[in-house]
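Below is one structure; the comments refer to it alone.
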2 protein chains.
Amino acid sequence: MRHNWKSVRDEVAARILRSDYAPGDRLPRDEELAAELGCARSTVVRAMQDLADSGIVERRRKGGTRVPANPVTRATFDIPVTRSEIEARGQSYGYHLLEQTPAPSPLHVTTAFGLSAPQDMLHLRALHLADQKPYIFEDRWIALNTVPEIRDVDLTTLSANEWLVKNRPYSRCTVRFYATNAGSDYGPIFATDPTTPLFVVERTTWVNDAPITSVKAIAHPGYQMLTEVG
Amino acid sequence: MRHNWKSVRDEVAARILRSDYAPGDRLPRDEELAAELGCARSTVVRAMQDLADSGIVERRRKGGTRVPANPVTRATFDIPVTRSEIEARGQSYGYHLLEQTPAPSPLHVTTAFGLSAPQDMLHLRALHLADQKPYIFEDRWIALNTVPEIRDVDLTTLSANEWLVKNRPYSRCTVRFYATNAGSDYGPIFATDPTTPLFVVERTTWVNDAPITSVKAIAHPGYQMLTEVG
DNA sequence: CCCCTTATTAAGTACGTACATAATATTTTT
DNA sequence: AAAAATATTATGTACGTACTTAATAAGGGG
């Protein structure tokens with residue numbers, strides 16, 4: 001069964017694994033590989049594009065295909081809506097809106113959006129619960145200029161997360177991972193010591209350069225983000 | 001210029017953005033879209049597969065293409081060899097091997113690999129410097145059964161990271177992100193308080209189910225992992 | 001010898017056809 | 001009415017051809 005792109009991909013990947021093609025090396029041209037493996041060039045192209053998407057090979061017009069001299073591990077994470085994440089774990093989902101205040105954006109939000117001046121925003125603080133226990137605390141700012149309808153949405157039962165994702169899709173998004181201390185802000189929420197390290201995912205979204213929302217999602221102590229490659 | 005797959009992709013993405021196609025909705029069949037946009041079905045297929053790869057649509061045989069009812073943010077991170085990462089920042093790279101000891105794998109490493117019993121491994125502790133300052137500290141275990149050659153490699157000048165990546169490509173890898181405290185282990189290394197929160201990337205790699213290496217990369221205080229989507 | 005122009009190369013794309021495959025829907029059988 | 005066999009459907013894949021494009025290499029002129 002040599003005549004499908006996945007087996008071509010696996011064959012090329014195996015050669016790289018065996019160091020037949022080593023980092024920095026140039027691979028045979030698509031046409032040659034096609035002739036060697038007895039398939040059409042388009043099949044090799046499909047296989048190679050998959051390998052290129054995974055960062056296993058690099059392709060350049062005229063330059064050919066090569067194994068990167070400095071290989072990288074390309075990891076892909078799916079960040080779901082928090083409710084889906086909790087339900088996928090087989091736990092019950094709970095949601096508490098702690099605060100909902102219109103306010104001008106503070107400096108760190110203004111700069112996250114790349115704005116030159118503060119804008120009117122809606123500030124939300126909410127807690128997501130898994131089996132009644134604090135799972136993720138979110139601190140969110142929503143740009144009222146871009147999303148005025150949010151004023152009329154009841155956010156005490158439906159999380160802003162969910163409303164936005166279904167009503168205000170974004171065209172651009174930055175994601176930032178880092179570690180922080182629970183401190184006096186999050187310590188009480190998770191009923192933990194102020195020195196407890198917490199994992200933070202910060203996401204900022206735009207639609208055609210107009211700011212939508214910026215969220216800090218602070219995960220409960222011990223939270224890990226996991227993915228498989230290959 | 002409607003006759004290329006990127007413009008087809010962008011048109012469909014724009015329709016989703018405008019909520020012409022809302023979460024849960026089924027899109028027209030490839031053939032219909034092709035007729036509407038005046039291109040071949042294969043062009044629509046190419047566009048749709050790209051959208052599916054980004055998680056923007058879901059495709060199922062017979063079921064058709066639809067906008068996911070529970071959208072996710074799909075973020076992709078490239079984790080380079082540490083030296084490349086530092087040099088890409090325009091900083092000078094430095095490397096110090098702090099410890100190199102053969103030892104049976106401790107429990108957390110044994111379980112990370114999914115092994116039933118401890119194996120002989122090489123334990124390394126090393127520090128990567130950017131502009132002479134501690135950047136990433138790594139705590140690494142290498143499976144000697146799978147990579148016996150590592151015994152004869154001089155790891156005082158070349159990091160194990162680089163040697164492995166060029167000589168022992170992996171076929172499978174898990175990546176884990178989390179937060180930890182500097183504590184007495186890492187506090188002295190980064191010259192920081194034991195309560196300082198630190199960002200950790202833990203990677204475990206195999207080649208055809210044989211364990212290669214498991215690394216904890218502890219980043220300096222303030223380290224952030226950043227990516228753009230869209 | 002260096003710079004600029006021109007040729008060549010190998011990947012990138014578009015198209016159309018034919019067929020495969022996995023779901024789903026329908027019909028038949030028990 | 002439930003279960004099993006069968007038909008239908010929309011995506012998935014393979015192929016071959018023709019053409020485009022970006023990058024490199026070769027050539028020519030100052």
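Letters go in sequence order (proteins before strands), and every chain restarts at 1. Please read these numbers as outputs of a predicted model, since none were measured by experiment. Reckoned from all heavy atoms, side chains included, excluding hydrogens, waters and symmetry mates.
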Could you write nucleotides 15-25 of chain D as a row of B, S and -, 5' to 3', where a protein heavy atom under 4.0 Å of any base atom gives B, of only sugar-phosphate atoms gives S, and otherwise -?
BB-B--BBBB-
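- Summarising the geometry, the separation between CH2 on A:W5 and C1' on D:dG12 is reported as 10 Å, rounded to the nearest angstrom.
- When the shell of 6.0 Å around CG of A:D209 is examined, it contains 12 or fewer heavy atoms from other residues, nucleotides or ligands.
- Across all strands shown, A:R26 has heavy atoms under 4.0 Å from sugar-phosphate atoms exclusively, and none from any base.
- No option in A:V215, A:I218, A:V175 other than A:V175 meets the side chain to side chain contact (heavy atoms under 4.5 Å, CB included) test with A:V201.
- Within the 4.5 Å cutoff, side-chain heavy atoms of A:Y21 are placed close to those of A:P28.
- For A:Q49, a side-chain nitrogen or oxygen approaches OP1 or OP2 of C:dT13 to under 4.0 Å.
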Show the atom names and distances, to 0.1 Å, of all donor-acceptor pairs under 3.5 Å that link a side chain in residues 83-91 of chain A to residues at least two apart or in another chain.
{"from": "A:R83", "atom 1": "NE", "to": "A:E162", "atom 2": "OE1", "distance (Å)": "3.1"}
{"from": "A:R83", "atom 1": "NE", "to": "A:E162", "atom 2": "OE2", "distance (Å)": "2.9"}
{"from": "A:R83", "atom 1": "NH1", "to": "A:E87", "atom 2": "OE1", "distance (Å)": "3.2"}
{"from": "A:R83", "atom 1": "NH1", "to": "A:E87", "atom 2": "OE2", "distance (Å)": "3.3"}
{"from": "A:R83", "atom 1": "NH2", "to": "A:E162", "atom 2": "OE1", "distance (Å)": "2.8"}
{"from": "A:S84", "atom 1": "OG", "to": "B:N70", "atom 2": "ND2", "distance (Å)": "3.2"}
{"from": "A:E85", "atom 1": "OE2", "to": "A:Y135", "atom 2": "OH", "distance (Å)": "2.8"}
{"from": "A:E85", "atom 1": "OE2", "to": "A:Y223", "atom 2": "OH", "distance (Å)": "2.9"}
{"from": "A:R89", "atom 1": "NE", "to": "A:Q91", "atom 2": "OE1", "distance (Å)": "2.9"}
{"from": "A:R89", "atom 1": "NH1", "to": "A:Y135", "atom 2": "OH", "distance (Å)": "3.4"}
{"from": "A:Q91", "atom 1": "NE2", "to": "A:D131", "atom 2": "OD2", "distance (Å)": "3.4"}

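- Within the 4.5 Å cutoff, the side chain of B:V45 has no heavy atoms near those of the B:M48 side chain.
- For A:R59, whose side chain is taken as the heavy atoms from C-beta onward, the closest listed nucleotide among D:dT11, D:dA10, C:dG12 is C:dG12.
- Between B:E58 atom CD and C:dA23 atom C1' the separation is 15 Å, expressed in whole Å.
- Salt bridge status for A:D25 with A:R15: absent, with no side-chain N to carboxylate O gap under 4.0 Å.
- In this structure, CG of A:L27 is placed 13 Å from C1' of C:dA10, rounded to the nearest angstrom.
- What separates CG of A:D50 from C1' of D:dT13 is a distance of 14 Å, to the nearest Å.
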